[in-house]
J.: 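One structure is given below, represented as structure tokens, and several questions about it will come after.
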Amino acid sequence: MTRIYLDYAATTPTDPEVVKAMLPYFNETFGNPSSIYSYGQETKGAIAEARSKVAGLINARDEEIVFTSGGSEADNSAIKGVAFANKSKGDHIITSSIEHHAVIEPCKFLERQGYKVTYLPVDEYGLVDPDSVRKAITDNTILISIMHGNNEIGTIEPIAEIGKIARDAGVYFHTDAVQTVGHIPTDVNELGVDLLSMSAHKLYGPKGVGALYIRKGTKLFPLIHGGDQEKGRRASTENVPGIVGLGKAVELAQQGMTEEAERLSFLRDKLITGLQERIDHSRLNGHPVNRLPNNVNVSIEYIEGESMVLNLDLEGICCSTGSACTSSSLEPSHVLLAIHLSHELAHGSLRFTLGKWNTEEDIETVLNTLPGIINRLRAMSPLAKKS
Amino acid sequence: MTRIYLDYAATTPTDPEVVKAMLPYFNETFGNPSSIYSYGQETKGAIAEARSKVAGLINARDEEIVFTSGGSEADNSAIKGVAFANKSKGDHIITSSIEHHAVIEPCKFLERQGYKVTYLPVDEYGLVDPDSVRKAITDNTILISIMHGNNEIGTIEPIAEIGKIARDAGVYFHTDAVQTVGHIPTDVNELGVDLLSMSAHKLYGPKGVGALYIRKGTKLFPLIHGGDQEKGRRASTENVPGIVGLGKAVELAQQGMTEEAERLSFLRDKLITGLQERIDHSRLNGHPVNRLPNNVNVSIEYIEGESMVLNLDLEGICCSTGSACTSSSLEPSHVLLAIHLSHELAHGSLRFTLGKWNTEEDIETVLNTLPGIINRLRAMSPLAKKS
Amino acid sequence: MPDPTSLYSEKVMEHFSNPRNVGDMENPDGTGHVGNPVCGDIMELYIKVDNNTITDAKFKTFGCGAAIATSSMVTEMVIGKTIEEALEISNRAVAEALGGLPPVKMHCSVLAEEALKLAIDDYLAKRDKEDGENE
Amino acid sequence: MPDPTSLYSEKVMEHFSNPRNVGDMENPDGTGHVGNPVCGDIMELYIKVDNNTITDAKFKTFGCGAAIATSSMVTEMVIGKTIEEALEISNRAVAEALGGLPPVKMHCSVLAEEALKLAIDDYLAKRDKEDGENE
Ligand SMILES: Cc1ncc(COP(=O)(O)O)c(C=O)c1O
Ligand SMILES: Cc1ncc(COP(=O)(O)O)c(C=O)c1O
């Protein structure tokens, strides 16, 4: 059975070209970039090249890019780093109720340390109202963190508008762009952000590497203290193969971004329409238009998400759900609850996220496979009979 | 020109077998370990296997191992994690004056946050006196952090003795074992440590991955907040290839550890003796006996380290120095100053660290090459004429 | 030994893929209803009792793979048992019969046990009531 | 463009490997001594002056690659220059003549400039003293 992977938002396979670019840095050009002999200097050059590529993609300067171990570290560095370094200026942070855990949990940690955090609500499509940001700003606000594209429901937030508000108020603005970098334009100046997080494994790069954009002049403490690496902003021997991989992934992403986004949007819409046609008692989650090109998120009434995911897996289709399934809490996705879905619908959600290697046939297969599964599960459901 | 690499303490090439073990996890078995379908579960299994290997090497339980992005993150997690989580118990930390920057800098950060840190002196060989640890403990002491093997001068610290003292006093004890894990025995129970840091790229694993051992019951906050990964102790999509690589590296290290340590000790002593015979006005730094099997650190009078390193590089030999060379401060190594070396001798240090692929011929080559370089540089030195 | 490449044991997947005794039951002697949409699992369990022995059991479940498998397993386990024997079936026994459950899924086996107990309680209450009416 | 695979430019490495004008000088007309072991760089610069023109220069240096290369370069640059011309040699000029230096190494070019200035000062002081004696 060939597997159909439709969970690219969870992680992407590393592009073979990326792996190829990384390979020499494991044991040929393997020196420590801090070393002064040529073995070391060669890896330093490779890092500089990757840095330029990443900076280029988001219209930043090379020295504004700090490599991290992934999106979560970038988010933690931005949020805790700004909070700790600007304590004397204020103790208030504004974020949204649909952020990734890598943003929410650092905020909760800071609350326990005495900071105040406003979690802005979103509308039924998952949009943050820029006006609500403006209203939430106080004299004590030191940071606003609103994600660029939501990883669950695919909604793209009005970052540029919020960026203007933040700039006017003189408040640092961070965006978690883990789901957008390499997929849709992410120009730090157009978006008006001071900090931006990205993660390689969401754009066909390797797991365990990411980057934080830090606008020149932004005051923040490092999360990992130690050596002089990354100009003292992030200690630790550089993950050279990983960084080279991120650079290569960014290069590949930049090459065909517009075409790929169009291709994926077409497949996405085909899947959305097909599901609406073939499955009654279902609804699309997230914004119908301001939406990541690769994201389809639907709630199927009367049945639970994990059981659908498992059945699809048995048919060779990989996707995910916002159901509580594997988390130790029994709560479904906070994002789905934030857009006012009932618990039942939140537990009954399915997310398909498309990528490079998906074809129209994949979509057909899903559309042909899913209705049978749903019928079988609905026949088992004590909720369905009540409809 | 074939290069002779003698800087294994800075970083090791990744063993080809390790790279081979990693490769399938880039784009064959690439699923997110948190996913419930089989693609994801397969990577979860791979992580569990690596965790067992790491736990096995240090005699820990699987669930006491948390994977990190390297040694620096492990050190930061241990030190800041314990400090923040145990604030109500006390605000005093004890460490030594020869720790790696990844330990010293978090301590300095904590000092700026109001904590008190004692930096214990060491003797001329770089040894911490366990009795000085005992005396430094107060009612407010919450953490002791003393490294296992020093990365510059190779001195092995009396960790087991200090472990007993920490246990008796009921104080958490962390050791930075980045230079020892996989090279000499590092049994967490024999050492009596509650926290232990390691880094894959120091034992022929990949850069960008490491681990922190956390003894069951130890109270500490995560450094990277977010998702549920690593049982909530370290968020972020797992670096699956990196973790698999660390597991493989640990497996290989364990297989031939005793023999390799003996082989390296022999080469090390050959180099030390040879240098003493052929180069006058030089001295060995670090402990003559309690010493990492692969570490040779010498100070050469009248000349500066970087110029020696560069000349050796021109002859194809890679090594390092404790001179200020590439750091932005003009200060030489704090470790060399801590063992009471004069500035001149500290600037004139050379470190050769041996590894898997070194042979007796490599040692001969160094012994034949270095004297000429030293003579040439001494002829240029305004200090030499004064001797 | 749990298979590290799968969330669930083979037995769980087998019951999940081919659940036994799914469906409604006409005039059940006892009905157990547990769970709610908030926690994501709802189970309904029906039993037929004849001469103090459970002769049939059916279930309907809204829930994850473990919820479906434990429902299926518990119905299979109770059929043929006396009321007293059935009351001794613990959630651990259900989980064990399935070759184990992941720790985060043990609550499903608890639900299955509860649904069974409630169905038996329902049967006993009805019987007592009938007995009372017959007096 | 700096070579990203090397800490230093080719020119620096060339001067480092084959430094010009190394050594002591008998009866120098001026001596400049800068630096100390604490910061890891010590330079001694000697000049011979004839008719207001620097006719020879020698150096001895304890220091890193950049320290040696800047010493070598500055001796090469001053030979043949008048005192006034030599005083105009800035640290930037030395660094540029070497094809640039890494930022953390610019201080070496400063040391080279200082050593030269001190050697010239020394020469001028001696000359003034001699002039005074001759009066
Ligand atoms: C929006 C968003 N932010 C942050 C992260 C965390 O990234 P990483 O797993 O690389 O730490 C993810 C993905 O896991 C994400 O989708
Ligand atoms: C003793 C010691 N601790 C910590 C580290 C930091 O490890 P990493 O570079 O993996 O962050 C190193 C090496 O750089 C080291 O030698």
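Order of the sequence lines sets the chain letters (A, B, ...), proteins ahead of strands, with each chain counted from 1. For the numbers below, each heavy atom of this structure counts, side chains included, while hydrogens, waters and symmetry mates do not. On a predicted model such as this, the values are computed, not experimentally measured, just so you know.
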J.: For Glu306(A) and Leu7(C), which heavy atoms make the closest approach, and how far apart are they?
T.: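 Smallest interatomic distance, heavy atoms only, reads OE1-CD2, 4.4 Å.
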
J.: Between Ser71(C) and chain A, which part of the residue has a heavy atom less than 4.5 Å away: side chain, backbone, both or neither?
T.: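 Neither part.
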
J.: Taking atom CD of Glu84(C) as the centre, does the number of heavy atoms from other residues, nucleotides or ligands within less than 6.0 Å exceed 12?
T.: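 Yes, the 6.0 Å shell around CD holds more than 12 heavy atoms from other groups.
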
J.: How far apart are the closest heavy atoms of Pro37(C) and His343(A), and which atoms are they?
T.: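 Smallest heavy-atom distance, with atoms named: O-CB, 3.5 Å.
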
J.: Is Glu10(C) atom CD crowded by more than 12 heavy atoms from other residues, nucleotides or ligands, each under 6.0 Å away?
T.: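 Atom CD in Glu10(C) is not packed in, count stays at 12 or less.
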
J.: Counting only non-hydrogen atoms closer than 4.5 Å, does Met13(C) touch chain A with its backbone (N, CA, C, O), its side chain (CB onward), both, or neither?
T.: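 Side chain only.
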
J.: Which pair of heavy atoms, one from Phe62(C) and one from Leu383(A), lies closest together, and at what distance?
T.: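 In this case the closest contact between Phe62(C) and Leu383(A) is CD1-CD1, 3.4 Å.
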
J.: With a 4.5 angstrom heavy-atom cut-off, is it the side chain or the backbone of Pro19(C) that approaches chain A, or both, or neither?
T.: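 For Pro19(C), the contact with chain A is made by the side chain alone.
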
J.: Check whether Ala346(A) gets within reach of chain C through its side chain, its backbone, both or neither, counting any heavy atom under 4.5 Å.
T.: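 Contact with chain C involves no heavy atom of Ala346(A) at all.
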
J.: Who wins among Leu337(A), Leu345(A), Leu310(A), Leu377(A) for the most heavy-atom pairs under 4.5 Å with chain C?
T.: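 Among the listed options, the one with the most contacts to chain C is Leu310(A).
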
J.: Let me know if Ala66(C) has heavy atoms under 4.5 Å from chain A in its side chain, its backbone, both or neither.
T.: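 For Ala66(C), the backbone is the part near chain A, not the side chain.
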
J.: With a 6.0 Å cut-off (strictly less than), is the heavy-atom count around CZ of Arg92(C), excluding the residue itself, greater than 12?
T.: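 Open: at most 12 neighbouring heavy atoms sit under 6.0 Å from CZ of Arg92(C).
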
J.: Testing the basics here: between Ser17(C) and Leu314(A), what is the closest heavy-atom pair and its distance to 0.1 Å?
T.: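 Looking at all heavy atoms of both residues, the shortest contact is OG-CD1, 3.4 Å.
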
J.: Around atom OH of Tyr125(A), are there more than 12 heavy atoms of other residues, nucleotides or ligands at under 6.0 Å?
T.: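 For Tyr125(A), atom OH is not crowded (no more than 12 foreign heavy atoms under 6.0 Å).
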
J.: Looking at Lys11(C), I want to see if its NZ is surrounded by more than 12 non-hydrogen atoms of other residues, nucleotides or ligands under 6.0 Å.
T.: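 12 or below, so no.
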
J.: Testing the basics here: between Val38(C) and Pro332(A), what is the closest heavy-atom pair and its distance to 0.1 Å?
T.: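 Smallest interatomic distance, heavy atoms only, reads O-CD, 4.0 Å.
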
J.: Taking atom NZ as the centre, does Lys108(A) end up with more than 12 heavy-atom neighbours from other residues, nucleotides or ligands that are less than 6.0 angstrom away?
T.: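 No, NZ of Lys108(A) has 12 or fewer neighbouring heavy atoms, counting only those of other groups under 6.0 Å.
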
J.: For Glu304(A) versus Gly40(C), what's the shortest heavy-atom pair and its separation?
T.: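 So the minimum-distance heavy-atom pair works out to CG-O, 3.8 Å.
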
